Amino acid sequence: MSILVTGGAGYIGIHTVAELIAHQEEVVVVDNLGLGHREAVQALNVPLYEVDIRDRDKMISIMKNHQVDTVVHFAAFSQVGESVRLPLKYYQNNVAGTTELLAAMVEAGVLRIVFSSTAATYGEPEATPIVESHPKHPTNPYGETKLAIERMLHWSAEAHGMQSVSLRYFNAAGAHPDLPIGEHHANESHLIPIVLQTALGLRQKVTVFGTDYPTQDGSCIRDYIHVMDLASAHRLAVQKLRSEHAGAVAYNLGIGKGYSVIEVIDTSRAVTKREIPVEWGTRREGDPAVLIASPDLAKQALHWSPTYLELSSIIASAWAWHLNHPNGYKS
Ligand code: UFG
């Protein structure tokens, strides 16, 4: 019995692979390496198939050869800004890709899936903290594609008995405490890596996108969750799928506490003891002012509890990776 991880060479994927093998699971990674890092999978010594999830025949044979009983599905494009410019690229990869994956799973008789979803399925929040039943009106194609897949999982449960847990992440950050894996994106757009690259002198400054939001210091507030806490939630979701038939369910993953962009920068200055020059910029289109999860349902249903509850510990974890791998997997 093994777990197939699609997109397992990506940031959250590889940390989940590390968590699964640390708990004696057999894992096989499928990644087309369009954005993933071969070096990350090699560091964990796990079988890697350089295959696109849209290749149905290959996916079926991998599932059969490895006696896969559960899929953990990360493979997707995830840049919000790019999705607004190139929506069809997102529908093609995320929605069409997952359609093929689910068809392969049904054909191979693999009926359990943990799906990497997002807070972007909610859109502009009407109430905070956000609970799972909150209305879903995505404000960008990225969130739309993830919501479409959640709906596809619902109907696949009805028709095919597909059991799924969708995990809606808030803002992932940090790195593995012991292994040489961490966050490395081509064309980085996320706040914490940008701030830490500035502390390293790899960038001249951080631009704060908006200082006129209705928050205590005018900058946006986000719920930052450590990547190993995301990883443990995936492992527990696999356990839940193996032990009960729940249909299609979805849980938020966050710590339930928000920090502003300015707090992230100030905390990073304290953690790194380096200078981090800042420029005050205008709002980035599509950014909600405040995104904070209610993680209560995930805690209750998965018996999960996040362990990194302070922003400083999340940033310290990310900093250790950046300091040792200033060029990511290329160093
Ligand atoms: N920000 C800056 N300067 C930067 C980069 C970001 O001020 O150079 C701000 C953003 O405006 C935002 C906050 O920092 O207010 C966090 O931005 P990120 O880009 O790090 O993360 P997002 O909140 O935009 O996106 C995250 C995930 C997405 C997911 C989204 C859900 O990365 O995949 O949450 O809303 F879709």
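Atoms within a ligand are numbered from 1 in the order they appear, just like the ligands themselves. Values in this document were obtained by computation on a predicted structure and should not be read as measured data.
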Give the intermediate values and the outcome of ring-ring contact (aromatic ring centres under 6.0 Å, His included) for residues His234 and Phe115. CA-CA 9 Å; His234 287 76; Phe115 171 57; 10.0 Å; no
Full working for ring-ring contact (aromatic ring centres under 6.0 Å, His included) between His15 and Tyr11: CA-CA 7 Å; His15 288 82; Tyr11 171 45; 5.4 Å; yes
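The two residues Pro47 and Val27 make their nearest non-hydrogen contact at CD-O, 3.4 Å. Between Val261 and Val208, the shortest heavy-atom distance links the atoms CG1-CG1, 3.9 Å. Counting all heavy atoms, side chain and backbone alike, Asn187 lies closest to Gln79 at O-NE2, 3.9 Å.
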Let me have the donor-acceptor pairs involving side chains of residues 2-9, under 3.5 Å, with sequence neighbours excluded, atom names and distances please.
{"from": "Ser2", "atom 1": "OG", "to": "His66", "atom 2": "O", "distance (Å)": "2.5"}
{"from": "Thr6", "atom 1": "OG1", "to": "His73", "atom 2": "ND1", "distance (Å)": "2.7"}
{"from": "Thr6", "atom 1": "OG1", "to": "Phe74", "atom 2": "N", "distance (Å)": "3.0"}
{"from": "Thr6", "atom 1": "OG1", "to": "Ala75", "atom 2": "N", "distance (Å)": "3.1"}

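For an aromatic pair to be called close, the ring centres must be under 6.0 Å apart, and His184 with His325 fails this.
Near Val80, with a cut-off below 4.0 Å to any heavy atom, the atoms of ligand 1 are 36 (F). Residue Val208 approaches ligand 1 through these ligand atoms, each under 4.0 Å from one of its heavy atoms: 7 (O). Distances below 4.0 Å separate heavy atoms of Ile194 from the following atoms of ligand 1: 8 (O). Under a 4.0 Å criterion applied to the non-hydrogen atoms of Leu291, ligand 1 contributes the atoms 35 (O).
Taking all heavy atoms of Asp287, Thr211, Ile221 into account, the minimum distance to atom 10 (C) of ligand 1 is reached by Asp287. The closest non-hydrogen atom to atom 16 (C) of ligand 1, taken over Tyr259, Tyr224, Trp280, Phe209, comes from Tyr224. Scanning Gly210, Pro138, Ser260, Ser189 for the heavy atom closest to atom 5 (C) of ligand 1 points to Ser189.
In terms of protein heavy-atom proximity, atom 30 (C) of ligand 1 is closest to Thr118 OG1, 4.3 Å. Annotation: atom 31 (C) of ligand 1 to nearest protein heavy atom, Ala120 N, 3.6 Å. For atom 9 (C) of ligand 1, the closest heavy atom belonging to the protein is Val261 CG2, 3.7 Å. Distance from atom 21 (O) of ligand 1 to its nearest protein heavy atom, with residue and atom name: Asn171 ND2, 3.1 Å. Here the heavy atom of the protein found nearest to atom 24 (O) of ligand 1 is Arg284 NH2, 2.6 Å. For atom 20 (O) of ligand 1, the closest non-hydrogen atom on the protein side is Leu191 N, 2.8 Å. Nearest protein neighbour of atom 15 (O) of ligand 1, counting heavy atoms only, is Cys220 CB, 3.0 Å. Counting protein heavy atoms only, atom 27 (C) of ligand 1 is closest to His190 NE2, 4.3 Å.
No part of Tyr169 comes within 4.0 Å of ligand 1, judged by heavy-atom distances. Counting heavy atoms under 4.0 Å from ligand 1, residue Ser78 touches it through the backbone alone.
With hydrophobic clusters built from ILVMFWY side chains whose heavy atoms lie under 4.5 angstrom apart, Val72 does not share a cluster with Ile60.
For the 3.5 Å distance criterion, the side chains of Asn252 and Tyr122 qualify, holding a donor opposite an acceptor.
Between the side chain of Gln163 and the backbone N or O of Ala246, at least one donor-acceptor pair lies under 3.5 Å.
Using the six-membered ring where Trp is involved, His185 and His190 have ring planes that are tilted, between 30° and 60° apart.
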